[in-house]
Amino acid sequence: MSLFNVFNISGSAMNAQSQRLNTVASNLANADSTTSANGQPYKARLVVFAAIPLGEGGAAGVRVQQVLEDQSAAKLVYDPQHPNANEEGFVAMPNVNVTEEMVNMISASRAYQNNVETMNTAKTMLMKTLNIGQS
């Protein structure tokens with residue numbers, strides 16, 4: 001595997017993790033939204049990754065294959081004073097688990113940072129290789 005493939009692999013992973021962070025941010029921003037554009041409670045979104053071949057030698061990167069809506073049921077919260085409460089006084093809240101989303105955010109952020117470090121290390125190695133001929 002060429003050292004240059006490291007940049008392609010890390011770049012694809014950084015792009016995928018960036019999309020994952022945006023999805024997590026959207027989920028957290030809508031954690032208390034009782035209605036979305038379609039009039040229903042917001043549904044959490046989940047990012048699905050897929051491997052993509054990069055060049056020869058079996059190197060593979062990653063891409064976002066799709067972003068799915070979580071099909072789990074909405075949380076029912078008893079609040080008879082809420083304007084969106086049903087006849088029994090329950091409000092359908094989004095199925096966003098804030099704790100889980102915070103873990104996803106930390107995980108995606110760390111994965112992004114690791115790929116930046118990988119690219120920096122590869123760049124340093126290439127620079128040192130170029131400097132060998134100058135000595």
Side-chain angles (χ1 to χ4, degrees):
M1 177 172 73
S2 168
L3 191 56
F4 292 106
N5 277 347
V6 171
F7 295 105
N8 293 332
I9 293 166
S10 290
S12 71
M14 289 170 62
N15 186 43
Q17 293 300 338
S18 177
Q19 288 181 286
R20 182 177 169 206
L21 278 168
N22 285 337
T23 302
V24 167
S26 176
N27 287 343
L28 288 171
N30 289 292
D32 292 323
S33 301
T34 57
T35 56
S36 63
N38 63 6
Q40 299 297 315
Y42 177 83
K43 290 187 180 262
R45 288 171 173 69
L46 309 168
V47 177
V48 178
F49 293 140
I52 53 172
L54 293 174
E56 299 173 11
V62 66
R63 69 175 174 85
V64 173
Q65 184 176 22
Q66 58 185 332
V67 179
L68 302 172
E69 280 190 351
D70 185 354
Q71 296 302 315
S72 62
K75 296 183 284 188
L76 293 178
V77 175
Y78 184 73
D79 186 2
Q81 302 302 318
H82 196 283
N84 294 335
N86 62 14
E87 304 81 39
E88 293 87 30
F90 288 96
V91 179
M93 297 297 287
N95 59 355
V96 175
N97 182 333
V98 175
T99 305
E100 186 177 309
E101 294 300 328
M102 293 299 288
V103 170
N104 284 335
M105 180 177 62
I106 292 168
S107 173
S109 177
R110 295 259 168 87
Y112 189 93
Q113 290 171 347
N114 288 338
N115 282 290
V116 169
E117 288 299 318
T118 300
M119 290 179 84
N120 285 335
T121 301
K123 181 181 91 172
T124 302
M125 289 173 60
L126 283 171
M127 293 302 292
K128 288 188 182 213
T129 302
L130 290 173
N131 288 335
I132 288 174
Q134 295 177 354
S135 302

Visitor: Where is the tightest heavy-atom contact between Ala31 and Val98, given as atom of each residue plus distance?
Guide: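 Closest heavy-atom pair between Ala31 and Val98: CB-CG2, 4.0 Å.
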
Visitor: In Å and rounded to the nearest 0.5 Å, what is the OG to CD distance from Ser10 to Glu117?
Guide: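 That separation rounds to 10.5 Å.
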
Visitor: Suppose the criterion is ring pair (Phe, Tyr, Trp, His ring centres under 6.0 Å): which pairs have a residue in residues 56-86, not counting sequence neighbours?
Guide: Tyr78-Phe90

Visitor: Between CE of Met119 and NZ of Lys123, what distance do you get to the nearest 0.5 Å?
Guide: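 Output value for this atom pair is 9.5 Å.
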
Visitor: Flag yes if Val64 and Val62 sit in one hydrophobic cluster, no otherwise; membership is Ile, Leu, Val, Met, Phe, Trp, Tyr, and two members link when side-chain heavy atoms are under 4.5 Å apart.
Guide: yes

Visitor: Which residues pass the side chain to side chain donor-acceptor pair (under 3.5 Å) test with Ser33, not counting sequence neighbours?
Guide: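 Side chain to side chain donor-acceptor pair (under 3.5 Å) check on Ser33 returns Asn30.
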
Visitor: Taking all heavy atoms of Lys75 and all of Pro94, pick out the closest pair and write down the distance.
Guide: CE-O, 3.1 Å

Visitor: Considering all heavy atoms of both residues, which atom of Asn104 and which atom of Val24 are nearest to each other, and what is their separation?
Guide: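 Looking at all heavy atoms of both residues, the shortest contact is CB-CG2, 3.8 Å.
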
Visitor: Using side-chain heavy atoms (C-beta onward) and a distance below 4.5 Å, is Asn5 in contact with Asn8?
Guide: yes

Visitor: Checking side chain to side chain contact (heavy atoms under 4.5 Å, CB included) for the pair Phe49/Gln19: CA distance, chi angles, key distance, verdict?
Guide: CA-CA 10 Å; Phe49 293 140; Gln19 288 181 286; over 6 Å; no

Visitor: Starting from the C-alpha separation in whole Å, work towards a yes-or-no answer on side chain to side chain contact (heavy atoms under 4.5 Å, CB included) for Thr34 and Met93.
Guide: CA-CA 5 Å; Thr34 57; Met93 297 297 287; 3.4 Å; yes

Visitor: Give a yes or no answer on whether the side chain of Asn84 reaches the backbone of Val91 with a donor-acceptor pair at less than 3.5 Å.
Guide: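 Looks like no, no N/O pair under 3.5 Å.
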
Visitor: Rounded to the nearest 0.5 Å, what separates atom CD in Glu100 from atom CG in Asp70?
Guide: 8.0 Å

Visitor: Looking at every non-hydrogen atom in both residues, tell me the closest pair between Leu28 and Met105 and how far apart they are.
Guide: CD1-SD, 4.5 Å

Visitor: How many angstroms lie between OG1 in Thr118 and CZ in Phe7, if you round to the nearest 0.5 Å?
Guide: 10.5 Å

Visitor: Rounded to the nearest 0.5 Å, what's the gap from CD on Gln17 to OG on Ser109? Could you check?
Guide: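 Gln17 CD to Ser109 OG: 9.5 Å, rounded to 0.5 Å.
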
Visitor: State whether the side chain of Arg45 and the backbone N or O of Lys43 hold a donor-acceptor pair below 3.5 Å, judged by distance alone.
Guide: yes

Visitor: Can you tell me how far CD1 of Ile106 sits from CG of Leu21, rounded to the nearest 0.5 angstrom?
Guide: 11.0 Å

Visitor: As a quick check of understanding, evaluate side chain to side chain contact (heavy atoms under 4.5 Å, CB included) for Arg20 and Ser107, giving each step before the final call.
Guide: CA-CA 10 Å; Arg20 182 177 169 206; Ser107 173; 3.3 Å; yes

Visitor: Got a sec, which residues hit ring pair (Phe, Tyr, Trp, His ring centres under 6.0 Å) with Tyr112, two or more places apart in sequence or on another chain?
Guide: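 With sequence neighbours excluded, Tyr112 shows a ring pair (Phe, Tyr, Trp, His ring centres under 6.0 Å) to no residue whatsoever.
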
Visitor: Show your working on side chain to side chain contact (heavy atoms under 4.5 Å, CB included) between Gln71 and Asn95 and close with a plain yes or no.
Guide: CA-CA 9 Å; Gln71 296 302 315; Asn95 59 355; over 6 Å; no

Visitor: Donor-acceptor pair, distance only, cut-off 3.5 Å: does the side chain of Ser36 make one with the backbone of Gln40?
Guide: yes

Visitor: Is the closest side-chain heavy-atom distance between Arg63 and Asn15 below 4.5 Å?
Guide: no

Visitor: What are the two closest heavy atoms between Ala44 and Val96, and how far apart are they?
Guide: CB-CG2, 3.9 Å

Visitor: Check the hydrophobic clustering (I, L, V, M, F, W, Y; side-chain heavy atoms under 4.5 Å; chains of links allowed) and say if Val6 and Val116 are grouped together.
Guide: yes

Visitor: To check you understand the geometry: which heavy-atom pair defines the closest contact between Ala92 and Leu76, and what is its length?
Guide: CA-CD2, 3.9 Å

